[in-house]
Every structure is written in structure tokens, then in C-alpha cells.
Amino acid sequence: MEHKIRVLISEEDVNKKINEVAARISKDYEGKEVHLICILKGGVFFTCELAKRLTIPVSLDFMSVSSYGAGTQSSGVVKIIKDLDEPLEGKHVLIVEDIIDSGRTLAYLIEILAKRGPKDIRLCTLLDKPERRVKKQVKVDYTCFTIPDEFVVGYGLDYDQKYRNLPYIGVVEHNS
């Protein structure tokens with residue numbers, strides 16, 4: 001099946017917004033080190049670009065969790081596929097996500113990570129779909145873009161493992 005990808009957010013706008021959010025994070029964590037937790041696979045593009053723009057000391061770890069199958073809807077079942085390599089005790093943790101919609105994955109993840117003794121946990125996302133939020137307790141501290149409820153790809157986001165490498169955010173439109 002062929003897909004048409006409509007540009008929702010241009011590469012230029014994505015880069016500009018990442019610069020702005022990185023400046024806010026650098027200011028908020030001034031004098032501290034921040035421990036970024038990149039949520040794989042989708043978060044890797046955003047995390048790398050964000051980390052390059054931070055002016056504070058940064059450490060980095062990766063975690064892979066899933067609540068999606070091959071489709072476009074969350075399954076509601078969250079599983080840890082790859083856990084962290086480093087302990088979190090006493091660290092300022094910033095979870096970096098590509099997109100937050102239902103909040104199920106993040107609610108579960110924050111609960112698990114909070115038990116590991118970090119100083120604090122904050123959340124940063126490239127894209128937020130608040131109208132899809134099921135877990136209202138998930139508070140996003142840093143958001144690049146709030147988007148409508150459309151299925152998006154690019155900048156790490158995929159459709160069945162395709163389109164992650166697009167340098168912009170696009171909407172998948174199915175051709176009939």
C-alpha cells in the first residue's frame with residue numbers, strides 16, 4: 001500500500017522549536033547535570049538533536065518500552081523491552097519522548113523510574129496530543145508542538161517501521 005505524506009511541521013520549524021526548548025531546559029537546570037532518558041526507537045532523533053543544543057552537563061541512557069503493535073492504535077499493554085544501563089539515584093532525570101498521546105506508557109514508566117531514587121523526573125516531548133490523553137496525571141514539562149489527533153511520521157516517528165528518517169513531521173494519508 002502506498003502512502004502520501006503531507007507535511008505538518010517543516011524541518012525548519014522543528015529545528016527552531018528544539019532550539020527554544022533546549023534553551024528553556026538549559027536555563028531550568030542551570031548549575032546542574034541532567035540525565036536524559038531517551039525512549040527508543042522514536043525518541044532517538046529528537047534526543048540527539050536536543051542534547052546537542054543543551055548548554056548544561058548531560059548524561060544519557062536509553063530505554064525501550066512499547067504499547068504499540070504494528071498498527072496505529074495503542075494496545076494499552078506496556079512492556080519494557082530494554083531497561084536502563086545506569087542507576088538513577090540522586091539524578092535530575094529528563095525523559096525524552098517523540099510523542100505523547102494516551103499517556104499510558106509514560107504513566108507506567110514514571111511510576112517505575114520514581115522508585116529508583118532520582119532527585120526529580122521531568123518529561124520532554126517533541127509532539128503532544130493532549131486530546132488523546134487517557135492518563136491525565138501525566139504532566140509534560142517541555143513540549144515542542146501540540147498537534148491534532150492525526151497519525152504522524154518523521155523525525156523518529158514511524159508507520160510500521162517506515163518514515164522515521166523524514167526530517168519533518170508529516171501526516172500519513174492512505175491512497176485508495
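Because the structure is a prediction, the values reported are computed rather than measured.
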**OP:** Kindly indicate, with the supporting measurements, whether the criterion side chain to side chain contact (heavy atoms under 4.5 Å, CB included) is fulfilled by Asp158 and Gln161.
**Re:** CA-CA 5 Å; Asp158 73 298; Gln161 297 301 323; 3.8 Å; yes
May I ask you to decide whether [X] forms a salt bridge with [Y], counting only side-chain N to carboxylate O separations under 4.0 Å?
X: Arg133; Y: Asp128; value: yes
X: Glu150; Y: Arg6; value: yes
X: Lys17; Y: Glu20; value: yes
X: Asp98; Y: Arg164; value: no

Original post:
Judged by atom type as modelled, is there a donor-acceptor pair below 3.5 Å linking the side chain of Lys129 to the main-chain atoms of Pro148?
Top reply: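 Judged by distance alone, no pair lies under 3.5 Å.
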**OP:** Without swapping roles, check the side chain of Lys139 against the backbone of Arg122 for a donor-acceptor pair under 3.5 Å.
**Re:** no
Original post:
According to the interplanar angle, ranging from 0 to 90°, do the rings of Tyr29 and Tyr142 count as parallel (below 30°), tilted (30 to 60°) or perpendicular (above 60°)?
Top reply: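 Tilted, since the angle between the ring planes falls between 30° and 60°.
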**OP:** Evaluate the ring planes of Tyr155 and Phe45, with Trp represented by its six-membered ring, and classify them as parallel (under 30°), tilted (30 to 60°) or perpendicular (over 60°).
**Re:** tilted
Atom [atom1] of [X] and atom [atom2] of [Y]: how far apart are they, to the nearest 0.5 Å?
X: Lys91; Y: Leu113; atom1: NZ; atom2: CG; result: 12.0 Å
X: Asp13; Y: Ile18; atom1: CG; atom2: CD1; result: 11.0 Å
X: Thr143; Y: Ile99; atom1: OG1; atom2: CD1; result: 11.0 Å
X: Ser26; Y: Leu50; atom1: OG; atom2: CG; result: 8.0 Å
X: Asp61; Y: Leu88; atom1: CG; atom2: CG; result: 7.5 Å

What pair of heavy atoms forms the shortest contact from [X] to [Y], and how long is it?
X: Ala22; Y: Leu54; result: O-CD2, 3.5 Å
X: Val93; Y: Pro118; result: CG2-CB, 3.7 Å
X: Ile5; Y: Val172; result: CD1-CG2, 4.0 Å

Original post:
Is it the case that one hydrophobic cluster holds both Val134 and Leu106, taking links as side-chain heavy atoms less than 4.5 Å apart, direct or via other members?
Top reply: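 Different clusters: Val134 never reaches Leu106 through Ile, Leu, Val, Met, Phe, Trp or Tyr contacts under 4.5 Å.
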Is there a side-chain contact between [X] and [Y] in this structure, where contact means two heavy atoms from C-beta onward sitting under 4.5 Å apart?
X: Ile169; Y: Leu126; result: yes
X: Tyr108; Y: Ile80; result: yes
X: Cys38; Y: Phe46; result: no
X: Leu157; Y: Leu127; result: yes

Original post:
Which residues pass the salt bridge (charged side-chain N to carboxylate O under 4.0 Å, His left out) test with Arg24, sequence neighbours left out?
Top reply: none
